[in-house]
Amino acid sequence: MNFTFTKIERLCSKKAIDDLFANGKSKTQFPLKLIYKPTEFESAFPARAMFVVPKKKHKRANKRNAIKRKMREVYRLNKHTLYQSLQTQKIDIMFICLSNEELEYTVIEKSMLQLMETLVKVNFSETKNE
RNA sequence: AAACAGGUUUGUUUCAUCGCUCUUUAUUUUUAAGGGAGGAAAGUCCGGGCAACGCAGGGUAAUUUGCCACUUGAAAAAGUGGGUAUAUUUUUAGGAAUAAAAAUAUAACAGAUAGUGUCACAGAAAACCAGGUAGCCAUUCGUCAGUUGGCGAAUGGUCAUAGUGAAAAUGUGAGGUAAGAGCUCACAUGUGUAAUUGGUAACAAUCACACAGGACAAACCUCUUAUGUUGUAAGGCCAUGUAAACCCUAAUUUUGCUGCGACUCGUGGCAAUAACCUUGGUUAUAUUAGGGAGGGUAGGCUGCAUAGAUAAAUGAUGGAAGUCGUUUGCCUGUUGGUAAACGAAACAGAACUCGGCUUAUAGAACCUGUUUUUAU
RNA sequence: GGAAAUGUAGCAAAGAUGGUCAAUGCAGCGGACUGAAAAUCCGAUGAUGUAGGUUCGAGUCCUACCGUUUCCA
């Protein structure tokens with residue numbers, strides 16, 4: 001099992017991000033919000049992920065950084081279940097922090113795992129319908 | 001000793017597991033080695049480096065510096081010492097007002113006698129030369145009294161007194177006068193000019209002459225100091241691309257299709273529009289050069305760093321040590337020492353770079369001040 | 001990263017050359033009108049972003065912070 005999280009697995013293209021904001025589907029589980037969209041791209045990994053902490057909620061750069069690092073850490077340790085369920089289907093994922101306060105590691109882990117479960121179910125149903 | 005306030009310095013260490021980013025090396029998708037955040041990385045308030053554009057010389061405008069000396073510095077600026085002014089405290093002198101000295105703190109500390117402007121309300125007057133329907137004085141007239149006067153009016157003189165205000169035309173005394181007035185004199189205060197002495201200088205002291213000018217320059221301004229403009233989203237290279245496009249000006253030239261020679265050309269044939277009017281001309285359609293306006297592209301490399309990206313790395317979890325706090329136990333040298341448990345660790349995250357300034361900072365160490373308590 | 005602008009009641013918005021309680025509208029509050037409401041009328045309350053400085057006196061001038069907004073090819 002591989003716990004790496006290199007730049008290939010991240011969502012870096014501005015066009016893809018704009019498209020995700022415009023056409024993606026969303027699911028909220030406080031304090032996190034998930035936006036996802038099935039797409040096609042060439043990569044060894046089935047998903048591209050990104051993490052957002054808005055400047056309106058957290059003014060100080062070091063607090064934004066700290067929350068993003070924790071979110072990234074949770075995703076890195078738990079992404080393998082998502083990858084297994086996806087198989088050949090490829091999607092873009094974005095997590096947005098909605099809270100005004102600094103978050104504990106366990107709180108992020110709990111809500112992100114719930115969101116991952118819903119994402120797994122949704123994707124399966126879509127692939128079956130298609 | 002404690003608490004509080006201010007200032008300076010410092011800004012925890014280490015192990016394991018799983019990771020992130022860059023460089024190098026090998027090799028093919030992974031391995032190895034090494035580097036990886038601050039004192040403010042922040043604010044963007046200053047000054048450089050670097051880059052593009054501009055640049056004969058002089059002036060104007062705009063912005064900017066503002067007591068003196070020395071040291072550091074590329075410059076901004078910082079440090080040390082001194083001068084001056086203001087405020088507070090203490091001491092001394094004095095009946096008092098006040099004066100002198102010392103200490104501490106503060107100062108965007110050139111010029112208000114170059115000029116312009118402003119100074120609400122109140123007040124007679126808010127600024128060269130001023131000043132009344134208060135007061136004081138004189139003269140004239142009226143009236144009462146009856147004789148050195150009172151009351152009222154007019155004209156003139158005056159600013160000591162009272163009052164207003166944040167601020168009132170230098171203060172005290174004497175002379176002088178109808179009453180008064182720097183009107184005159186003496187002393188004091190302040191300003192300017194010149195000289196002398198001390199000091200590197202700012203400046204201080206003395207003396208002579210002239211003068212008495214309120215505040216505001218963080219109002220305009222004057223003097224003085226300095227400045228070309230724009231900032232790495234600069235700039236350079238590559239790719240994409242409307243497009244041999246459109247409009248204007250100038251020059252040249254009929255234009256299109258096609259055959260032959262043949263290739264920035266020559267020659268033959270065929271075809272011919274629209275608009276305007278002066279009816280046989282002009283303009284448009286072509287080429288070249290210069291200019292204008294609008295649109296497209298939204299990517300990469302470089303700039304770029306012995307930290308270094310471009311949705312932006314430097315982390316997460318667990319353990320150990322050290323620091324501090326609380327509670328409990330033990331020791332006794334009792335404002336101390338020691339053990340255990342629990343808790344706390346700030347402000348804050350590089351984006352071209354360097355030097356300053358400003359602001360934010362738990363805990364610790366040191367220094368200064370204030371208050372309280374205890375002991376002597 | 002760099003460069004600018006701006007801040008006045010809950011909201012909008014004027015004015016002030018440094019000088020007399022800083023207007024006005026909407027909303028909210030109280031009262032009148034009504035059988036009850038709406039509309040209307042009357043009344044009071046409430047503000048110069050924060051902290052210093054200059055000045056006799058700052059909303060205005062200066063400095064430092066805080067917030068908001070805009071621009072760059």
Side-chain angles (χ1 to χ4, degrees):
Chain A
M1 204 168 295
N2 207 341
F3 291 109
T4 60
F5 183 62
T6 56
K7 194 165 177 182
I8 306 165
E9 299 174 64
R10 296 181 204 168
L11 181 55
C12 294
S13 166
K14 187 169 170 61
K15 282 185 175 177
I17 294 163
D18 291 338
D19 189 45
L20 185 60
F21 269 116
N23 304 320
K25 296 181 180 179
S26 69
K27 174 83 180 175
T28 308
Q29 176 69 48
F30 192 82
L32 297 181
K33 181 179 186 178
L34 170 71
I35 299 179
Y36 63 94
K37 183 175 182 295
T39 51
E40 292 183 357
F41 53 88
E42 293 184 0
S43 171
F45 300 93
R48 293 188 298 186
M50 66 178 292
F51 307 91
V52 177
V53 181
K55 202 173 185 178
K56 291 250 178 187
K57 304 268 183 187
H58 295 271
K59 298 282 183 191
R60 300 291 168 201
N62 64 326
K63 291 175 182 170
R64 287 201 302 276
N65 265 348
I67 294 170
K68 273 156 78 175
R69 282 168 184 157
K70 286 173 185 170
M71 286 161 75
R72 209 181 296 133
E73 188 73 9
V74 173
Y75 180 79
R76 183 175 67 79
L77 294 172
N78 300 297
K79 64 176 181 175
H80 53 272
T81 52
L82 181 66
Y83 282 14
Q84 283 175 356
S85 68
L86 285 172
Q87 295 174 349
T88 57
Q89 176 67 36
K90 307 220 170 186
I91 62 168
D92 289 336
I93 310 170
M94 171 158 54
F95 292 98
I96 301 174
C97 174
L98 299 173
S99 172
N100 280 323
E101 299 166 359
E102 288 193 65
L103 300 173
E104 294 290 319
Y105 179 79
T106 51
V107 175
I108 297 173
E109 188 176 31
K110 191 177 173 185
S111 71
M112 192 177 280
L113 286 174
Q114 288 183 347
L115 287 171
M116 296 272 234
E117 284 177 24
T118 59
L119 189 59
V120 167
K121 290 175 188 171
V122 166
N123 266 303
F124 273 133
S125 64
E126 275 186 358
T127 48
K128 280 175 186 174
N129 291 339
E130 284 170 4

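Order of the sequence lines sets the chain letters (A, B, ...), proteins ahead of strands, with each chain counted from 1.
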Nearest-nucleotide comparison on RNA chain B, the residue closer to the 5′ end among K63(A) and K70(A):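 The answer here is K70(A).
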
Start at the 5' end of RNA chain B and walk down; is the nucleotide closest to L77(A) or to N62(A) reached first?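 In this pair, the answer is L77(A).
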
Phosphate-side-chain proximity, R69(A) and U314(B), N/O vs OP1/OP2 below 4.0 Å: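 Looking at the OP1 and OP2 atoms of U314(B), one of them is under 4.0 Å from a side-chain N or O of R69(A).
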
[atom1] gap between [N] and [M], integer Å:
N: A126(B); M: A205(B); atom1: C1'; value: 39 Å
N: A114(B); M: C128(B); atom1: P; value: 15 Å
N: U63(B); M: U370(B); atom1: C1'; value: 46 Å
N: G290(B); M: U23(B); atom1: P; value: 46 Å

Does [N] have a Watson-Crick or wobble partner in any strand here, with both distances under 3.5 angstrom, and which is it?
N: A107(B); answer: U84(B)
N: A97(B); answer: none
N: A218(B); answer: none
N: A313(B); answer: none
N: A23(C); answer: none
N: U71(B); answer: A78(B)
N: A186(B); answer: U172(B)

In A311(B), glycosidic geometry as syn within 90° of 0 or anti otherwise: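 Because its glycosidic torsion lies more than 90° from 0, A311(B) adopts the anti conformation.
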
Single hit among T106(A), I108(A), L113(A) for side-chain contact (heavy atoms from CB on, under 4.5 Å) with V74(A):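 The option that passes is I108(A).
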
Show, in sequence, the C-alpha distance, side-chain angles and deciding distance for E73(A) and K70(A), and conclude whether the salt bridge (Lys or Arg N to Asp or Glu O under 4.0 Å) test is met. CA-CA 5 Å; E73(A) 188 73 9; K70(A) 286 173 185 170; over 6 Å; no

Apply side-chain contact (heavy atoms from CB on, under 4.5 Å) to F95(A) and V52(A), showing your working. CA-CA 6 Å; F95(A) 292 98; V52(A) 177; over 6 Å; no

Between A311(B), U314(B), A316(B), which one does the side chain of M50(A) approach most closely?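 So the side chain of M50(A) is nearest to A311(B).
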
Please determine, for the side chain of R76(A), which listed nucleotide (G19(B), A311(B), U314(B)) has the closest atom?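 So the nucleotide nearest the side chain must be G19(B).
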
